[in-house]
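Before any comments, here is the structure.
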2 protein chains.
Amino acid sequence: MKIGELAKLTGCSVQTIRYYEKEQLLPSTRRSEDNFRLYDEASAEQLLFIKLCRGLDLSLSEIRQLLALKCSPGAQCDEVNRMMEAHIQQVEARIRELTQLHEQLRALRGHCSNQRTVEQCGILQTLSSNQN
Amino acid sequence: MKIGELAKLTGCSVQTIRYYEKEQLLPSTRRSEDNFRLYDEASAEQLLFIKLCRGLDLSLSEIRQLLALKCSPGAQCDEVNRMMEAHIQQVEARIRELTQLHEQLRALRGHCSNQRTVEQCGILQTLSSNQN
DNA sequence: GCTTGACTCTATAGTAACTATAGAGATTAA
DNA sequence: TTAATCTCTATAGTTACTATAGAGTCAAGC
């Protein structure tokens, strides 16, 4: 199948597919006589794997590592576990950061109500005080 | 004071200060005879304001708007309130996303323990199944 | 036979908010 | 005099795409 068909099948954009090839997440495929890329079932599966990983917010470089590991099925899978663990901790850290941030923003919002002038605005006053 | 001093005083890097000037968050300052940027107390205050806003994850473009508003003290401050509200909702949405993601990642982690081969790895198997 | 639209290709630039580097000039201390 | 430290400008790199330009190919419809 050609790239457009693969795109429709997987829900990735045509540009994204070409980008993944350039970034070595998808192998360079054979080409038709007119130099069009030709894909098969295996291409679609690999692309869906990538898409699933991206949905878990894994970086392209992490996904590259996973793909490499998939190619040596006899190896220990500790690295996969380690990567997941690290990723989970990153997500947890980010959630903690954002939760704190949310608290600060809510406190800040409480400093002003509508119908004031900029000069009286409790939010701007707080931000201008250089406290905290 | 020169740029290095301002950097030390505010905890911003020298490049960041120059970048903010280029992005119009800081005004172009007067220069010394040798073409060095010269700053005063007001510069430091504005930079700290920016830094505080960045700490709240406000974008440079949002900060630019806030700075513009600060310059018309008689105006209504509704826009400040609206911006904060929108920002808070963004943060809340991101927290929800990450929390869901965290669930998925934890479930995935449960599929594999160490000491397996890549072939048996429950994580890779799950990711390869193209379910979900 | 010709035009139009839909598809493909490559290469390049833009996004956000910096960070890092190169190459040059000026000042200060030893 | 030399070396270190500061400043300047301009440019490239980061991430994961997305958008665009410009060119070629193919099929359908007139």
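- Of the possible donor and acceptor atoms, none in the side chain of A:D34 sits under 3.5 Å from a partner among the backbone N and O of A:F36.
- Atoms NZ (A:K8) and P (C:dC7) sit 7 Å apart, rounded to a whole Å.
- Residues A:N35 and A:K22 each lie close to DNA chain C; by heavy-atom proximity, the contact nearer the 5' end of the strand is made by A:N35.
- Listed nucleotides D:dT7, D:dT18, C:dC9 differ in distance to B:I3; the shortest reach to its side chain belongs to D:dT7.
- For the pair B:R18 and D:dT9, the criterion of a side-chain N or O lying under 4.0 Å from OP1 or OP2 is not met.
- At least one donor-acceptor pair under 3.5 Å links the side chain of B:Q120 to the backbone N or O of B:T117.
- As rounded to whole Å, 16 Å separates atom P of C:dC7 from atom CG of A:L38.
- A cation-pi arrangement, defined by a distance under 6.0 Å to the six-membered ring centre and an angle within 45 degrees of its axis, is present between B:K70 and B:F49.
- The phosphate of C:dC9 has OP1 or OP2 within less than 4.0 Å of a side-chain N or O from A:R37.
- Comparing D:dT7, C:dT19, D:dT18 against the side chain of A:Q15 picks out D:dT18 as the nearest.
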Sort me out a list of protein N/O and nucleotides 25-30 of chain C N/O pairs below 3.5 Å, or just none if empty.
none

I'd like a list of close polar pairs between nucleotides 13-17 of chain C and the protein, N/O only, cut-off under 3.5 Å.
| from | atom 1 | to | atom 2 | distance (Å) |
| --- | --- | --- | --- | --- |
| C:dA17 | OP1 | B:L60 | N | 3.3 |
| C:dA17 | N7 | B:Y19 | OH | 3.4 |

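- Checking D:dT7, C:dT8, C:dC9 against every side-chain atom of A:R31, the shortest atom distance belongs to C:dC9.
- Comment: A:R82 does not engage A:E79 in a salt bridge, judged by the lack of any side-chain N to carboxylate O separation of less than 4.0 angstrom.
- Counting heavy atoms from C-beta on, the side chains of A:C53 and A:L66 come closer than 4.5 Å.
- Taking atom CD on A:E23 and atom C1' on D:dA16, their separation rounds to 8 Å, with Å as the unit.
- Panel note: side chain B:N35, backbone B:R31; no donor-acceptor pair is recorded below 3.5 Å.
- Using a cut-off of 4.0 Å between Lys/Arg side-chain N and Asp/Glu carboxylate O, A:E5 and A:K2 are scored as not salt-bridged.
- The CG-P distance, from B:L6 to D:dC8, rounds to 11 Å in whole Å.
- If you take CE of B:M1 and C1' of D:dT7, they are 16 Å apart, rounded to a whole angstrom.
- Judged by distance alone, with hydrogens and angles left aside, the side-chain atoms of A:R54 form a donor-acceptor pair with the main-chain N or O of A:L58 at under 3.5 Å.
- Residue B:S13 places at least one side-chain N or O closer than 4.0 Å to OP1 or OP2 of C:dT19.
- The backbone N or O of A:A75 sits nowhere less than 3.5 Å from a side-chain atom of A:S72 that would complete a donor-acceptor pair.
- We find that CD of B:E5 is positioned 13 Å from C1' of D:dT7, with the value rounded to whole Å.
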